[in-house]
Each structure stands twice: as structure tokens, then as C-alpha cells.
Protein chains: 2
Amino acid sequence: MESTFAIIAEPNRRSILSLLAASECSVGELETQLRMPQSSVSKHLRVLREAGFVEARVEAQRRVYRLRPEPLMEVDEWLTPFRRFWTAHVDALERHLDRMDKTPETPTKGKKR
Amino acid sequence: MESTFAIIAEPNRRSILSLLAASECSVGELETQLRMPQSSVSKHLRVLREAGFVEARVEAQRRVYRLRPEPLMEVDEWLTPFRRFWTAHVDALERHLDRMDKTPETPTKGKKR
DNA sequence: GCTTCATATGCCCGTCAAGTCATATACAAG
DNA sequence: CTTGTATATGACTTGACGGGCATATGAAGC
């Protein structure tokens, strides 16, 4: 239902994902490590599963969950246009290019595109 | 109030951020480009501002908003532990390492920790 | 069969956030 | 000072989501 971003807005879900990034876990293991009621864990897992963040494999009565990368890749890609703002060395340059849009000003350094 | 992730869970806010990634904008410009009521834009900007995603500079009656990178950097950093899942070449290796944690080769036999 | 363990699901409730509309503030121009 | 423009804010409504609890499903073992 909700977007990838809404899914990871939930702190407990991010915790689950972090645990699964370390290794696969059963519901019970997550329940223990996160110290939260089992029903909550299951519900969050359902959301994560339906959004493609995790997948479950049945092992006897246990369901072992593992991470699936696609949705988080999507987030990573969304960040792309913003990275220029913190990739240090080009930072000043980019800000300048951005400002060019509004003010044709030349501080300290004569710069052209 | 809410975490960085909750802020960018809102689609309109992500749109605002994307626009600001391209260049600074006044509220009115955002209003036009996003085709949403001005009050909504202002409210989202307030949320973004208080969370450090944007900052405003006063220019006559206009407020020109610009992006601030810190919160998105935080998201970028949160992704770090997950990147190994999609950085292709090491992928198979990592999955193997992950699985090592659980089962060398023991089917149908559940084990306690 | 019944019982136990592991997980999923349904229901109810409180909370919180977003949208809408109206109004307030601030500045500029006449 | 009045009017118009630009933005912020307040009140209110609505709907979604998470937590808690009870219950259902299902597989394993007796």
C-alpha cells in the first residue's frame, strides 16, 4: 500500500531490517532481540514482506526471514540527485552552479560553467 | 518530532526536496510547480525546516528555500550496512557468509542457540 | 485424537499527521 | 493608510497506522 519510504519510516521496521542485514532470523529470534510482542513483529514482517523488503522461507514451524535488496536500492537511487550536496570537494562548486540560477555574482573566484 | 525517515515518507515533501535539489525556490514557485495549495506547501516546508532539510532566506516578501544536506546524509549512512546486498560482485560471497551463520548442512533438525 | 510450539490475523482503540479553509502576519506599492 | 502580494498559522475533520489482546492456523510430537 504505502511507498518504500513510508515502510522504513517505522523505527521497529528499520530495526528488523538491520537485524536481517546481519543475518537471517526467525520471527521468534526477532521477537527476542527486539523485545517486542510477537504479534507486532509478525505484523511488521507482513508489511515488509508485501513491500518486497524481506522474504520468508518455511522451516518446520518456523519462518525464517531474509532481506531482499530491491526496495532499499530504490531508496539509494532516490538519493542520487542529492549526493552532490555532500560529496565534499565539489560542494562549493555545485552551490555556486545552483546559485547561478538566480544571481550572477562572482565572489572570490571567477567561475564559468 | 518524527525521525528523518518519517519526514521523507511524505510524497509531497520528497517532491519539494527534489525541486530544491535542482535549485532554490520560493514558496510560490513550489506552489505552482507542485500544484498544491499554498498552505500545504508552507506546512511541509515548516516540517522540513524544523528537521533541518531546508533553510529559508528572506528576500523582500518572499522566502527562498534551499536544501540542506545533513538529514539526507544520515539516510545515506543508514543504508551503508545494506549496500553489500546489491554491490554485485561481492554479493554471492556475502550471502554465503551470511548463511554460514546459521547452517553448515543440517536439514530438518532445529537447533537452539 | 489432543497438546504444544511458532506464527499469523482480526478487532478495537488511541494517536498523530495531512488536507482544507479561514485568518493572521509581513512587506511593498500607491 | 490602504490595498495587494507572499507566506505562515490556527482550528477542524478525516483517515491511516501501530499497539495490545485474543484467537486462528499449522506443524510437530505424544
Side-chain angles (χ1 to χ4, degrees), chain A residues 1-20 23-67 71 102, chain B residues 1-17 19-20 24-66 71 102-103 106-113:
Chain A
M1 248 191 187
E2 287 289 345
S3 84
T4 301
F5 294 89
I7 308 278
I8 61 174
E10 226 292 324
N12 294 312
R13 283 196 287 261
R14 288 201 302 282
S15 302
I16 291 178
L17 291 175
S18 294
L19 286 178
L20 293 181
S23 87
E24 307 182 329
C25 284
S26 71
V27 179
E29 289 168 346
L30 293 170
E31 179 188 358
T32 304
Q33 302 212 39
L34 298 176
R35 295 183 152 192
M36 61 168 23
Q38 174 263 319
S39 64
S40 294
V41 177
S42 280
K43 283 179 183 176
H44 285 308
L45 284 171
R46 164 132 115 150
V47 175
L48 291 170
R49 196 182 343 120
E50 290 178 344
F53 284 85
V54 301
E55 66 185 354
R57 138 181 125 246
V58 180
E59 199 171 89
Q61 327 94 339
R62 310 200 167 172
R63 314 276 170 111
V64 180
Y65 282 83
R66 87 159 56 145
L67 197 72
K102 259 268 143 77
Chain B
M1 249 191 188
E2 285 290 344
S3 81
T4 301
F5 293 90
I7 309 279
I8 60 174
E10 227 291 323
N12 295 313
R13 282 197 287 262
R14 288 199 304 280
S15 302
I16 291 178
L17 290 175
L19 286 177
L20 293 181
E24 307 182 329
C25 284
S26 71
V27 179
E29 290 168 345
L30 293 171
E31 180 188 356
T32 304
Q33 304 211 41
L34 297 177
R35 296 182 151 190
M36 60 168 24
Q38 174 262 320
S39 62
S40 292
V41 177
S42 279
K43 284 181 183 177
H44 285 308
L45 283 172
R46 163 132 114 150
V47 174
L48 290 170
R49 194 181 345 118
E50 290 178 344
F53 284 84
V54 302
E55 65 185 355
R57 132 181 130 247
V58 180
E59 199 170 269
Q61 327 95 337
R62 312 201 167 171
R63 314 278 171 110
V64 179
Y65 282 83
R66 87 158 57 143
K102 203 87 218 228
T103 34
T106 324
T108 48
K109 205 62 183 177
K111 59 166 190 174
K112 302 281 187 175
R113 335 132 34 55

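Residue numbering restarts at 1 for every chain, and letters A, B, ... go by the order of the sequence lines.
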Nucleotide D:dG18, atom P - distance to CG of A:Leu34 in whole Å: 15 Å

Set of side-chain hydrogen bond (donor to acceptor under 3.5 Å, both in side chains) partners for A:Arg49, sequence neighbours left out: A:Tyr65

Non-neighbouring partners of B:Gln38 that pass side-chain hydrogen bond (donor to acceptor under 3.5 Å, both in side chains), sequence neighbours left out: B:Ser42

Under-4.0 Å side-chain N/O to phosphate OP1/OP2 contact, B:Tyr65 with D:dA8: yes

Candidate nucleotides D:dA8, D:dG18, C:dT20, ranked by approach to the side chain of B:Ser40 - the nearest: C:dT20

Any B:Arg62 side-chain N or O less than 4.0 Å from OP1/OP2 of C:dA26: no

d(CG, B:Leu30; C1', D:dA6) in whole Å: 13 Å

Sugar-phosphate or base contact per nucleotide [nucleotides 22-30 of chain D; S, B, -; heavy atom under 4.0 Å]: B-----S--

Whole-Å gap separating C1' (C:dA17) and CD1 (B:Ile8): 17 Å

Residue pair A:Leu30 / A:Leu20: nearest heavy atoms and the distance that separates them: CD2-CD2, 4.4 Å

Interatomic distance, A:Arg46 CZ vs D:dG19 P [rounded to whole Å]: 15 Å

Value in whole Å for how far the C1' atom of C:dT20 lies from CZ of B:Arg35: 19 Å

Contact under 4.0 Å: A:His44 side-chain N or O vs D:dC17 OP1/OP2: no

Euclidean distance, A:Ile8 CD1 relative to A:Leu48 CG, rounded to 0.5 Å: 10.0 Å

d(CG, B:Leu45; P, D:dT9) in whole Å: 11 Å

Closest non-hydrogen atom pair, B:Pro71 against B:Ala51: CG-O, 3.5 Å

B:Lys43 (side chain) and D:dT7 (base): donor-acceptor pair under 3.5 Å: no

Between P of C:dC27 and CZ of B:Arg57, the distance in whole Å: 17 Å

Taking every non-hydrogen atom, the tightest pair across B:Ser40 and B:Met36: CB-SD, 4.2 Å

B:Glu50 CD to D:dA8 C1', straight-line distance once rounded to whole Å: 12 Å

Over all atoms of both residues, closest heavy-atom pair of A:Ser3 and B:Ala9: OG-O, 4.3 Å

